[in-house]
Protein chains: 2
Amino acid sequence: MTSSVTSSASSPSPALNAAELTAERDRARRDYEELVRRGLSLDLTRGKPSPRQLDLAEALLTLPSGGHRAADGTDTRNYGGLQGLPELREIFSGLLQVPAAQLVAAGNSSLTLMHDSVVHALLSRLPGAERRWADEPRIAFLCPVPGYDRHFALCERFGIELIPVPMTADGPDMDVVEGLVREDAQIKGIWCVPKYSNPDGACYSDETVRRLASMPAAAPDFRIFWDNAYAVHHLTDERVEIADLLALCAESGNPDRAFVFGSTSKITFAGAGVAFFGSSPDNVAWLIGNLGKGTIGPDKINQLRHAEFLRDADGVLAHMERHRELLRPKFDAVEAILSKELGGTGLATWSRPAGGYFVSLDVLEGCAREVVRRATEAGIALTPAGATHPYGKDPRDSTIRIAPSYPEPEELELAIAGLTVCVRLVATEKLLEAAG
Amino acid sequence: MTSSVTSSASSPSPALNAAELTAERDRARRDYEELVRRGLSLDLTRGKPSPRQLDLAEALLTLPSGGHRAADGTDTRNYGGLQGLPELREIFSGLLQVPAAQLVAAGNSSLTLMHDSVVHALLSRLPGAERRWADEPRIAFLCPVPGYDRHFALCERFGIELIPVPMTADGPDMDVVEGLVREDAQIKGIWCVPKYSNPDGACYSDETVRRLASMPAAAPDFRIFWDNAYAVHHLTDERVEIADLLALCAESGNPDRAFVFGSTSKITFAGAGVAFFGSSPDNVAWLIGNLGKGTIGPDKINQLRHAEFLRDADGVLAHMERHRELLRPKFDAVEAILSKELGGTGLATWSRPAGGYFVSLDVLEGCAREVVRRATEAGIALTPAGATHPYGKDPRDSTIRIAPSYPEPEELELAIAGLTVCVRLVATEKLLEAAG
């Protein structure tokens, strides 16, 4: 396994003759029948940390140990402090590439901050906007695909139009992005998971980030929703760094363009971490002004708890090494099984991520839904095919997201091996049907 | 001090002649000069628990002690569980008069749940609604006055029209409420703090609750925002009970009318408690469906921590007794000083709350703003006059909200005594001017 994110083959190219294909299909059928007989109940659906990963932060349960006062003397038990504890913002400032003064530490979910940012933009004019988004005739967001289904669902719910844009190994196809954003003033946002992206593990190149920051936009209130969910979630020694979007936006004369999000959900506790929002001073003032109408402050005790536990940026990185020790063998096992069972068959390609939480598996066009259906029947739960695309519609019906983090290693191996059986079965049936 | 919420006099009725008034004014002036000379710095602005009250829950800082599993085996550290931990919902079910199955336990702020309920109603059609509130030509809320400024600010921000309705000792004037709600289909909500209301301490009578539940409403999507913030915040032995709004709404054929809110902000930690939403099954499904687009679940560890600390409903009530021991002397001191300095003068009336967090002081018409200004100049910070009314406009300019909870007893006494000087000064000047 290398740190590359390219697939094992540029595209599937089966070269079997009909008799060989039939033999392969029959072998896959026997394997599938055997798989179903085993009555598995395995789950590869969501990017959840495993219990052993959560155990790494078990000490948090009985913190803070030093009482309830923050470094500046604030009584964290009481109301107030909308921007969040300074000491925790300091810890994550460099890791998220946001000056601490422009970073907001909030509740337990960065998804909530993304949701609320969209809600507030709909209902309160953004800096630079001509009107509230709710008063626009149409709002559209660009969605690099494959992408994260919760980003899409959040927008769909508000009737925001989702426009897919192809991903490359360097991030979204910037020629496409630039063309659309320059022409269409109703395009108000783009969803980005810039490092170890969900699900294909891509890392945005410096050139991609520079172009995102500096491209002309028809909408004066265009925003980049920069979901840096895997900022420190390395699987290799490389510790990929990406360019500093916020700084590049400011340098390019687009200081208000970036909304940066992050969280400790996959650092400490998935359900009880701290989420962050970072942006320009004007955007931060806008968000805090809106947040202040609906809260008297975040849970500062949980922030104090996190500051004590993580200590500083080096403490975060050291903690992430322990996650890596648990996660890396799982990703290695996925890679090994996929290579052994599917390598060289031309039936699938897949990502080899250097970080993050997912492996993206591309099966033959028109096969993903059927693979997921067959796997489900065999007791292996997968994220629905299509979930990586807006409206659940993968036009090639080819991408399947694999989430290896949660299952125990033995279960993971069973599930991936079972999945490869489904891929072989559906692909050989499809090819035989096509050959006809 | 009785548990009555009526004022000390039905209306101020000064009966001094001009010479007596002048003497009173001169005495008030001397007292005020002396007050300013003392250079105080005291704060009566917000309903914040004092550090000693927060100390009562200090054990929470190092809970949960029994690990991370909920009663049903849920790993509280991980994602999930949108409705919140069942064991915590059970504890608050009876106290908030909501079946546990219809209660949602969320993050640290009930204000956020109120805000989000309005946001979701604006952006996603409520059960029974013809359209989203954002698509209505006009939205109005009834606001019993005096009321809570954060309720008003939350609505103002969304351009929701605020219609004041007079409070009585039994809750809002129901003749007025019924008349408006029956006629105007654009009235979509009413703000209620039904027990120990903010700021006048009124408790809604059973008849008021029954009429709210059963009154005809022109809007099919009319909602009662029932902010039961002080459900267990008794200051007397009486433990006032109010009628069960949710049950009465269901019995009256208006099952979806009530949105019930509560929190532990003034039970455990103001900044790190747990907030609740309760309603009909349809409304709960609507809220959870919307919440689910913006979060993968609340902080369940904090809920587990609270369940362990509070144990059961009796545990909550026992804990509130300890709050009462700290709060009651402060309210007694306010009453004693107001009575001593202003009793029988006809210059002011005030509430004698049997629970909650506030005393409402009514000064002579046209004097509240000036009293607050004079107090501020003397180093005594008060909630701005008018804050108890929509748009900050108290048409009589007479209501001042006193928040006695936070200051130390000696500070509180100094502040209230200083405030009475300001009341005497402004009132006597006003009366002389009117006589003049």
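Side chains are part of it too, since the values below use all heavy atoms of this structure and drop only hydrogens, waters and symmetry mates.
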Contacts of residues 73-82 of chain A with chain B (heavy atom under 4.5 Å): A:D75, A:R77, A:N78, A:Y79
Can you tell me which portion of B:D135 sits under 4.5 Å from chain A's heavy atoms? Options are side chain, backbone, both or neither. neither
Which atoms of B:H151 approach chain A - backbone, side chain, both or neither, heavy atom under 4.5 Å: neither
Check whether any side-chain N or O of A:N290 sits under 3.5 Å from a backbone N or O of B:R157 as a donor-acceptor pair, and report yes or no. no
Should we count CZ of B:R52 as having more than 12 external heavy atoms under 6.0 Å? no
In terms of heavy-atom pairs under 4.5 Å with chain A, which of B:L304, B:I296, B:L154 leads? B:I296
A quick test of your reading: do over 12 heavy atoms of other residues, nucleotides or ligands sit less than 6.0 Å from OH of B:Y406? no
Using non-hydrogen atoms only, which part of A:D149 is less than 4.5 Å away from chain B: side chain, backbone, both, or neither? neither
May I ask you to decide if A:G297's main-chain N or O and B:N108's side chain share a donor-acceptor pair within less than 3.5 Å? yes
Residue pair A:L111 / B:K293, side-chain heavy-atom distance below 4.5 Å: no
Quick check on the interface: out of B:H115, B:M114, B:R305, B:R46, who has the most heavy-atom pairs with chain A under 4.5 Å? B:R305
At a heavy-atom separation under 4.5 Å, does A:L61 approach chain B through its side chain, its backbone, both, or neither? both
Under 4.5 Å heavy-atom distance to chain B, tell me which part of A:E156 shows up: side chain, backbone, both or neither. neither
From the list B:G107, B:S124, B:A134, the residue making the most non-hydrogen contacts under 4.5 Å with chain A is B:S124
If we check side chain to side chain contact (heavy atoms under 4.5 Å, CB included) with B:N302, which of these qualifies: A:I301, A:D299, A:N302? A:D299
A:T112 side chain vs B:G294 backbone, donor-acceptor pair below 3.5 Å: yes
Heavy-atom pairs under 4.5 Å with chain A are the metric here; pick the option from B:K300, B:H68, B:R132 that has the most. B:H68
Part of A:P298 lying under 4.5 Å from any heavy atom of chain B: backbone
Among A:V119, A:D116, A:L291, A:L122, residue most engaged with chain B (heavy-atom pairs, under 4.5 Å): A:V119
When the 4.5 angstrom heavy-atom criterion is applied to A:S109 and chain B, the contacting part is side chain
